[in-house]
Peer 1: 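First the structure, then my questions, so here it is.
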Amino acid sequence: MTEDDFTELDEFLLSNACGEESLSIDEAHGYLTALQLPPSQPDKTAWLKAIWGEPDFADERERQHLTELLEDLYDEIASTLAARSPFEPMVVETEEDGQVFESYEGWCYGFMLAVEQNPQQWELSKQGEALLAPIAQLVLQGAEDEEDMGEEEYAQWVELIPGAVLGLYDIWHVR
């Protein structure tokens, strides 16, 4: 997918056409990543609805095009994991007072949303739970009642995500 594809998809997901319940592009990336890990996958209709609800498309051409973009994102994640290529979660960068901040909470939120929607598939051993911990910890960072962690601690949790995702993938796909 190109940067323009990501931008177009994100703008649609955040538009009034999707409503308030749709996921942002980073949340959708996390959600689709989590779907790739267990061996059984939900059908496409279910995950499309989980990502964008029931959008109001301008026409059939727009529906088909945006659906293809989400399918491409799904396939790109699947290919990366299957090839055991370096995996990186999608990050959102914001600028404040000339300083750039990276946020992984949205990606983690989307990932954990998929986990929560399929609890039977995500009954993990202690090793699996340990692998899930960085993602769960960072999704808590976005919660209002959680105390903010320092930049160094945050960076340490973020650094664990790629290995955690590949480790979780290995639980189900590598024998």
Side-chain angles (χ1 to χ4, degrees), residues 1-37 47-48 50-53 55-58 62 65-81 83-117 130-169:
M1 289 186 65
T2 68
E3 193 66 36
D4 288 343
D5 292 338
F6 286 118
T7 300
E8 180 182 3
L9 191 52
D10 192 39
E11 287 173 357
F12 179 75
L13 290 170
L14 298 175
S15 74
N16 290 335
C18 287
E20 294 179 19
E21 297 301 313
S22 67
L23 302 180
S24 62
I25 190 69
D26 59 321
E27 292 168 341
H29 190 275
Y31 186 86
L32 293 174
T33 301
L35 293 184
Q36 303 291 330
L37 303 180
W47 61 257
L48 284 171
I51 290 172
W52 62 25
D56 184 21
F57 296 104
E62 180 184 53
H65 173 67
L66 291 165
T67 300
E68 287 172 2
L69 287 180
L70 270 179
E71 290 169 338
D72 289 348
L73 180 58
Y74 182 93
D75 292 343
E76 185 175 284
I77 295 166
S79 295
T80 299
L81 293 171
R84 307 277 303 137
S85 298
F87 177 83
E88 290 298 324
M90 184 173 282
V91 61
V92 171
E93 293 181 347
T94 56
E95 188 175 334
E96 193 173 302
D97 299 327
Q99 191 173 11
V100 176
F101 295 96
E102 293 183 340
S103 174
Y104 292 86
E105 290 94 318
W107 185 90
C108 294
Y109 169 79
F111 190 99
M112 293 305 293
L113 180 64
V115 170
E116 290 172 6
Q117 289 178 346
L131 290 168
L132 196 56
I135 300 164
Q137 186 65 37
L138 287 169
V139 80
L140 290 175
Q141 179 63 22
E144 290 180 21
D145 58 345
E146 285 293 315
E147 185 177 321
D148 286 345
M149 63 179 73
E151 286 181 41
E152 188 174 315
E153 180 183 2
Y154 186 87
Q156 289 171 343
W157 285 113
V158 166
E159 194 174 302
L160 296 174
I161 293 174
V165 169
L166 291 174
L168 289 164
Y169 183 83

Peer 1: Looking only at heavy atoms, which two atoms of Ala28 and Leu13 are closest? And how far apart?
Peer 2: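 Heavy atoms only, the tightest pair is CB-CD1, 4.4 Å.
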Peer 1: With the side chain counted from C-beta on, respond yes when Val158 and Pro89 share a heavy-atom pair under 4.5 Å apart, and no when they do not.
Peer 2: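 No, their side chains stay 4.5 Å or more apart.
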Peer 1: Determine the minimum heavy-atom distance between Leu9 and Ile25, stating which atoms define it.
Peer 2: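 So the two residues come closest at CD2-CD1, 3.5 Å.
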Peer 1: Could you verify whether a donor N or O on one side chain and an acceptor N or O on the other, from Asp5 and Thr2, lie under 3.5 Å apart?
Peer 2: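 There is such a pair (donor and acceptor under 3.5 Å, judged by atom type) between the side chains of Asp5 and Thr2.
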Peer 1: If you look at every heavy atom in Ser22 and Glu27, which pair is closest and at what distance?
Peer 2: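 That would be O-OE1, 4.4 Å.
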Peer 1: Indicate yes or no for a side-chain donor-acceptor contact from Ser79 to the backbone of Glu76 under 3.5 Å, with no hydrogens or angles considered.
Peer 2: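 Answer holds: no.
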Peer 1: Can you confirm whether more than 12 heavy atoms, excluding those of Glu21, are under 6.0 Å from its CD atom?
Peer 2: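 No, the 6.0 Å shell around CD holds no more than 12 heavy atoms from other groups.
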Peer 1: Measure the CD-CD distance between Glu62 and Glu8 for me, rounded to the nearest 0.5 Å.
Peer 2: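 Output value for this atom pair is 8.0 Å.
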Peer 1: Report, as yes or no, whether the 6.0 Å neighbourhood of atom CD on Glu159 holds more than 12 heavy atoms from other residues, nucleotides or ligands.
Peer 2: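 Check fails, neighbour count at 12 or below.
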Peer 1: Assert yes or no for the condition that the ring centre distance of Trp47 to Tyr74 is strictly below 6.0 Å.
Peer 2: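 Under 6.0 Å, so yes.
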Peer 1: Side chain to side chain contact (heavy atoms under 4.5 Å, CB included) with Trp107: which of Leu138, Val139, Ile161?
Peer 2: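 Only match with Trp107 under side chain to side chain contact (heavy atoms under 4.5 Å, CB included): Ile161.
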Peer 1: If we ignore angles and hydrogens, is there a donor and acceptor under 3.5 Å between the side chains of Glu102 and Tyr154?
Peer 2: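 The criterion, which ignores hydrogens and geometry beyond distance, is not satisfied for Tyr154 and Glu102.
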